[in-house]
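Quick notes on the structure that follows.
Chain identifiers are assigned alphabetically (A, B, ...) following the order of the sequence lines, protein sequences preceding nucleic acid strands; residue numbering begins at 1 within each chain. The analysis underlying the following values was restricted to heavy atoms, covering all of them including side chains, and did not include hydrogens, waters or symmetry mates.
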2 protein chains.
Amino acid sequence: MRAGSNPVMHSEPSRGGKGAAILAAARQEFLGGGFGAVSMDVIARAASVSKATVYAHFTSKEELFGAVVADMSERYFRGFSASELDPVDVAASLTTIARRFLELVLSPEAVALNRIIIGEVSRFPALGEVFWQAGPERSRVQIEIFMRRAAAAGTLAITDPREAAEQFASLVRGEIHLRHLLRLEPVHAAASADAAASAVATFLRAFGHGTGAPAAG
Amino acid sequence: MRAGSNPVMHSEPSRGGKGAAILAAARQEFLGGGFGAVSMDVIARAASVSKATVYAHFTSKEELFGAVVADMSERYFRGFSASELDPVDVAASLTTIARRFLELVLSPEAVALNRIIIGEVSRFPALGEVFWQAGPERSRVQIEIFMRRAAAAGTLAITDPREAAEQFASLVRGEIHLRHLLRLEPVHAAASADAAASAVATFLRAFGHGTGAPAAG
DNA sequence: GTCTATACAGTGATAGAC
DNA sequence: GTCTATCACTGTATAGAC
């Protein structure tokens with residue numbers, strides 16, 4: 001797994017053995033219960049070290065929490081890309097993008113991360129920006145790039161690629177994302193596929209050529 | 001203000017003076033800081049009563065929190081309706097719906113409520129359902145009713161009014177809602193109006209007659 | 001019902017030995 | 001660096017007087 005190969009982390013704990021174990025334990029505990037419900041005692045026990053060792057690596061609970069969030073934000077949204085998709089076969093490509101996007105934002109780890117950031121952003125105002133840049137903004141940029149290629153290829157009637165990417169992401173995310181944040185969804189893969197399909201259909205009705213023209217007009 | 005005229009609350013504290021004051025103080029504090037960051041001491045002081053009095057009205061901090069959330073969920077989404085809007089002038093009516101919807105979900109109180117529920121839903125699993133039914137579900141039903149009327153009037157080419165209402169709400173909510181949850185938006189009224197307008201435009205391109213046909217096809 | 005005073009558990013953080 | 005033991009403090013919750 002090699003959790004320590006990422007130089008982006010700002011707190012830079014000595015990442016041999018214990019440091020990584022503490023970060024991993026903190027990640028697990030914080031993701032499950034949030035900031036307030038988890039004590040340093042619990043984290044120390046989960047990492048099989050003493051509390052003093054935790055404080056040898058992180059100067060405070062706040063810093064440990066921030067390190068967990070920054071690390072996860074960076075980790076979980078890195079793989080999203082649409083660069084190899086064909087802008088001519090726009091229906092298939094948009095469907096692939098929608099599925100990848102949902103798979104990412106509905107994954108238990110991403111939902112838990114999103115949840116604790118939203119819940120603690122009043123106490124840690126900087127975390128909102130960190131998450132936004134690493135997550136939604138990055139994926140929107142990827143989608144926007146595809147929109148530009150499709151517009152250039154003449155397969156999408158788009159004038160504002162940025163807005164189109166936003167709207168596509170919003171349609172795909174739909175209400176299922178909020179339902180996951182609220183712990184209301186049984187996490188059905190079929191529901192995700194349906195949501196992706198109907199979002200793509202509606203988007204193509206608005207911006208596609210040929211397939212999406214109104215039936216009567 | 002008469003905060004005690006609502007019989008829906010389940011905990012039923014004696015709502016003369018002190019009970020209402022405690023609930024109001026708890027609402028204010030919880031909305032600002034979440035569950036973990038607020039102590040019963042602070043709530044008692046904010047309500048100008050002793051801690052023992054708080055416990056005379058609410059048996060625990062958890063119950064007080066639940067009462068606040070249930071009360072607010074009920075209170076803040078009651079007014080949303082689209083019943084008087086004209087389904088023939090669909091562009092104007094959808095714009096009005098979009099503005100009302102954004103005004104509601106982006107209001108500081110609604111955002112704060114949404115935030116603390118998402119943050120504490122792991123500790124209070126029931127709150128997610130309470131909020132969903134009182135908020136997103138209720139507004140979606142109102143939008144769906146309008147969609148049915150517009151479909152019947154022939155002004156929208158909709159086959160699944162429920163799905164159309166969901167997608168319209170998702171388009172309107174866009175990314176601005178998540179940005180508010182993450183405390184990233186300076187809360188500009190102009191940004192809301194723009195978001196509403198572009199969401200309506202895209203929705204009409206997909207489901208409207210005449211005005212939304214693709215330019216070249 | 002409402003207060004003052006307090007019991008008691010648990011918290012974040014640290015001292016000092018090794 | 002890592003541990004055990006402990007600090008000072010705050011938290012929720014309650015007893016007892018009025």
Please report the distance, rounded to the nearest Å, between [atom1] in [X] and [atom2] in [N].
X: A/H57; N: C/dG12; atom1: NE2; atom2: P; value: 18 Å
X: B/M40; N: C/dC8; atom1: CE; atom2: P; value: 20 Å
X: A/I43; N: C/dA13; atom1: CD1; atom2: C1'; value: 14 Å
X: B/K61; N: D/dG11; atom1: NZ; atom2: P; value: 8 Å
X: A/F65; N: C/dG12; atom1: CZ; atom2: P; value: 13 Å
X: A/F58; N: C/dT14; atom1: CZ; atom2: C1'; value: 18 Å
X: A/R45; N: D/dC3; atom1: CZ; atom2: C1'; value: 15 Å
X: B/D41; N: C/dT4; atom1: CG; atom2: P; value: 12 Å

Look at [X] and [N] and indicate whether a side-chain polar atom (N or O) is within less than 4.0 Å of OP1 or OP2.
X: A/S50; N: D/dC3; value: yes
X: B/Y55; N: D/dA13; value: yes
X: A/T53; N: D/dG1; value: no

Open item on the list: Quick check for you: among D/dA13, C/dT2, D/dC3, whose closest atom lies nearest to any side-chain atom of B/K18?
Closed with: C/dT2
If we only count heavy atoms from C-beta on, is the [X] to [Y] side-chain gap below 4.5 Å?
X: A/V49; Y: A/H57; result: no
X: A/L64; Y: A/F35; result: no
X: B/V172; Y: B/V200; result: no

TODO: Under 4.0 Å between any heavy atoms, over every strand shown, what does B/S39 touch: base, sugar-phosphate, or nothing? Just pick one.
DONE: sugar-phosphate
Open item on the list: Can you work out whether B/F35 or A/V49 has the more 5'-proximal nearest nucleotide on DNA chain D?
Closed with: A/V49
- [ ] Between A/A52 and A/V38, name the one whose nearest nucleotide on DNA chain C is closer to the 5' end.
- [x] A/V38
TODO: Hey, can you tell me if B/F131 and B/F77 have their rings parallel, tilted or perpendicular (30° and 60° cut-offs)?
DONE: perpendicular
Open item on the list: Could you tell me if A/T53 and A/S50 have a donor-acceptor pair between their side chains, going purely by distance under 3.5 Å?
Closed with: yes
